[in-house]
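Reading through the structure tokens given below for one structure.
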Amino acid sequence: MEIGIVGAGIGGLVAALGLQRDGHGVAVFERAHQPGAIGAGLSLFGNSFAALDAVGLGGVVRPLTGGDASLFRAGQRDPSGRWLTILPPAAVALLRVVHRAELHRGLLTALRPGTLRPGTEASVAPDGSPVLTVAGNRLHFDLVIAADGINSRARAALGLDPGLRYSGYTAWRGVTRGPVKLNGDAGETWGRGCRFGIVPLPDGRVYWFATQNLPPETVFVDGRAELLKSFGDWHAPIRELLEDTDPEALLRHDVSDLARPLESFVRRRTILLGDAAHAMTPDLGQGAGQAIEDAAAITLLLRESMNGGGCGAAGPDTGNPDAASPGAAALDAAVRAYDSSRRPRSQRIARRSRVAGQVGQWEQPVAVAVRDAVLRAIPGRLAGEAALRVQQWEGPAASTRGRPVF
């Protein structure tokens, strides 16, 4: 088959690589002239690698990551450094961490030459037919995958956009200039209306993030000064992490997710993938993981449904692309199965992530005291079991046989 992908983020690139390895023709259209990932560290849990391994990409991604984070004590602390809850080692045993830019670069390098078309605006057909408009030309594909992010133009064009919801907090991210000793402790620290997270990177540097309850689009003259004011007296090594981060490299964005879950991830032969389909808050660390699962799911469903059958090369629109494609019934079944398998799981995780963020950002003193007391009372084993349930992935075939996909 010939497949057009809009967006060269992590989800779009994993889809492109998986589909290419199955023999499909793939073209990736990216608006940016120099595609690159904006971000810092990225946590990939066991479900990410289960999905990557299923489409033969685990060997591409694993060497880019480090597994040291799984050796650290993780959970939630209060600003004094006292642990509120500690996750059992099994909950993070498969966790691997990578700098987002390095992962993105590795995926781009693995693409076949000519696959990526940077600096190219591609618009989907509003009726969902597998046609992309590029520089005034209509290109016909057998399937179009829109992986164009949280502000997806494709989602809006297809009439599926529910709008975005501001979470009420902003997020700062940074990476230290050099290694910082963490003494075996990582995870998150929860305060009143703010949190701080610590994640070791493979090279010894530390990826950190901080959140604050703020009105949207708040402007700061000196971001690091604001962070030191808010977090500088929290437990070690938080001040050291902030001071060892280049102020010019600080990233900040207001955290938003979809205002409502989508009623469908598909419109005829166009599917939404990643943040375009289920943009979620980062509170469970599953944004990239769910995009990777999406990419693996469509790859596996096409593999199973098409049995290696192919379709013609992309070219000018011939009028009725749905009817013209060989194996049309099998392709349509794969698209429907993608929606039925991916929508329930990804939307369930998005809801849990939203709730986790809301609780973590509580700032009323009594509410925070109750929250912290509950965390201390809950056995770490139970928290670990909840984390592991999120990390379990069996692939889309299970759901098509009537079994749940976790």
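Note that the structure is a prediction, hence the values are computed from the model and not measured.
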What I'd like to find out is whether the side chain of [X] reaches to under 4.5 Å of the side chain of [Y], using heavy atoms alone.
{"X": "Asp53", "Y": "Arg62", "result": "yes"}
{"X": "Ile378", "Y": "Thr85", "result": "no"}
{"X": "Arg376", "Y": "Trp83", "result": "no"}
{"X": "Val359", "Y": "Trp190", "result": "yes"}
{"X": "Arg100", "Y": "Ile10", "result": "yes"}
{"X": "Leu108", "Y": "Leu116", "result": "yes"}
{"X": "Asp254", "Y": "Tyr166", "result": "yes"}
{"X": "Glu121", "Y": "Arg153", "result": "yes"}

Kindly say whether [Y] contributes a backbone atom to a donor-acceptor pair with the side chain of [X] at under 3.5 angstrom?
{"X": "Ser346", "Y": "Arg342", "answer": "yes"}
{"X": "Arg303", "Y": "Leu19", "answer": "no"}
{"X": "Gln347", "Y": "Pro261", "answer": "no"}
{"X": "Asp148", "Y": "Ala276", "answer": "no"}
{"X": "Asp22", "Y": "His24", "answer": "no"}
{"X": "Asp68", "Y": "Leu201", "answer": "no"}
{"X": "Arg239", "Y": "Gly232", "answer": "yes"}
{"X": "Arg345", "Y": "Val390", "answer": "yes"}
{"X": "Glu30", "Y": "Ala32", "answer": "yes"}
{"X": "Asp142", "Y": "Ile3", "answer": "no"}

Provide the closest heavy-atom pair for [X] versus [Y] in the form atom of the first, atom of the second, distance.
{"X": "Gly4", "Y": "Phe29", "value": "CA-CE1, 4.5 Å"}
{"X": "Ser305", "Y": "Ala334", "value": "OG-CB, 3.8 Å"}
{"X": "Ala51", "Y": "Ile292", "value": "CB-CG2, 3.9 Å"}
{"X": "Pro237", "Y": "Val180", "value": "CB-CG1, 4.4 Å"}
{"X": "Leu87", "Y": "Gly384", "value": "CD2-N, 3.9 Å"}
{"X": "His104", "Y": "Ala8", "value": "NE2-O, 2.6 Å"}

Where do Asp246 and Thr176 land on the side-chain contact (heavy atoms from CB on, under 4.5 Å) test, with the steps shown first?
CA-CA 7 Å; Asp246 184 352; Thr176 59; over 6 Å; no
Are [X] and [Y] linked by a side-chain donor-acceptor pair shorter than 3.5 Å?
{"X": "Gln20", "Y": "Thr115", "result": "yes"}
{"X": "His235", "Y": "Thr189", "result": "yes"}
{"X": "Thr170", "Y": "Arg252", "result": "yes"}
{"X": "Ser353", "Y": "Thr281", "result": "yes"}
{"X": "Trp208", "Y": "Thr245", "result": "yes"}
{"X": "Asp294", "Y": "His278", "result": "yes"}

With a 4.0 Å cut-off on N to O distance, would you call Asp332 and Arg269 a salt bridge?
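Salt bridge between Asp332 and Arg269, a charged N being under 4.0 Å from a carboxylate O: yes.
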Steps toward side-chain contact (heavy atoms from CB on, under 4.5 Å) verdict (Val61, Arg96):
CA-CA 10 Å; Val61 174; Arg96 300 185 71 85; over 6 Å; no
Decide salt bridge (charged side-chain N to carboxylate O under 4.0 Å, His left out) for Arg260 and Asp161; before the verdict, give the C-alpha distance in whole Å, the side-chain angles of both, and the deciding distance to 0.1 Å.
CA-CA 9 Å; Arg260 298 185 308 280; Asp161 192 10; over 6 Å; no
First locate atom [atom1] of [X], then atom [atom2] of [Y], and finally report the distance between them rounded to the nearest 0.5 Å.
{"X": "Thr211", "Y": "Arg173", "atom1": "OG1", "atom2": "CZ", "value": "12.5 Å"}
{"X": "Leu301", "Y": "Arg336", "atom1": "CG", "atom2": "CZ", "value": "11.5 Å"}
{"X": "Glu102", "Y": "Leu107", "atom1": "CD", "atom2": "CG", "value": "12.0 Å"}
{"X": "Leu272", "Y": "Tyr338", "atom1": "CG", "atom2": "OH", "value": "7.5 Å"}
{"X": "Leu258", "Y": "Arg354", "atom1": "CG", "atom2": "CZ", "value": "8.5 Å"}
{"X": "Arg77", "Y": "Arg195", "atom1": "CZ", "atom2": "CZ", "value": "15.0 Å"}

May I have the step-by-step check of side-chain contact (heavy atoms from CB on, under 4.5 Å) for His99 and Val175, ending in yes or no?
CA-CA 9 Å; His99 196 292; Val175 175; 4.0 Å; yes
So among Thr299, Ile298, Leu300, which one has a side chain to side chain contact (heavy atoms under 4.5 Å, CB included) with Leu302?
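Checked Thr299, Ile298, Leu300 against Leu302; only one passes side chain to side chain contact (heavy atoms under 4.5 Å, CB included): Ile298.
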Kindly determine whether Gln212 and Gln361 satisfy side-chain hydrogen bond (donor to acceptor under 3.5 Å, both in side chains), including the steps that lead there.
CA-CA 8 Å; Gln212 292 177 289; Gln361 293 298 131; over 6 Å; no
Ring centres under 6.0 angstrom apart (Trp172, Phe231)
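Here the rings of Phe231 and Trp172 have centres that are no less than 6.0 Å from each other.
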How about Trp234 and Phe196: are their ring centres within less than 6.0 Å of each other?
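Judged by ring-centre distance (under 6.0 Å), Trp234 and Phe196 do not meet the cut-off.
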Are Arg371 and Trp362 in a cation-pi contact, defined as NZ or CZ under 6.0 Å from the six-membered ring centre and within 45° of the axis?
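Judged by the rule (NZ or CZ under 6.0 Å from the ring centre, within 45° of its axis), Arg371 is not positioned above Trp362.
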Who pairs with Arg267 by salt bridge (charged side-chain N to carboxylate O under 4.0 Å, His left out), at least two apart in sequence or on another chain?
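Testing Arg267 for salt bridge (charged side-chain N to carboxylate O under 4.0 Å, His left out), a comparison that skips the adjacent residues, returns none.
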Which is it for Leu57 and Arg21 under the side-chain contact (heavy atoms from CB on, under 4.5 Å) test, yes or no, and what are the steps along the way?
CA-CA 9 Å; Leu57 295 177; Arg21 290 181 174 225; 3.5 Å; yes
Return all side-chain donor-acceptor pairs below 3.5 angstrom for residues 41-49, not counting sequence neighbours, or 'none' if the list is empty.
residue : atom : partner : partner atom : Å
Asn47   : OD1  : Gln286  : NE2          : 3.1
Asn47   : ND2  : Gln286  : OE1          : 2.8
Asn47   : ND2  : Glu293  : OE2          : 2.8

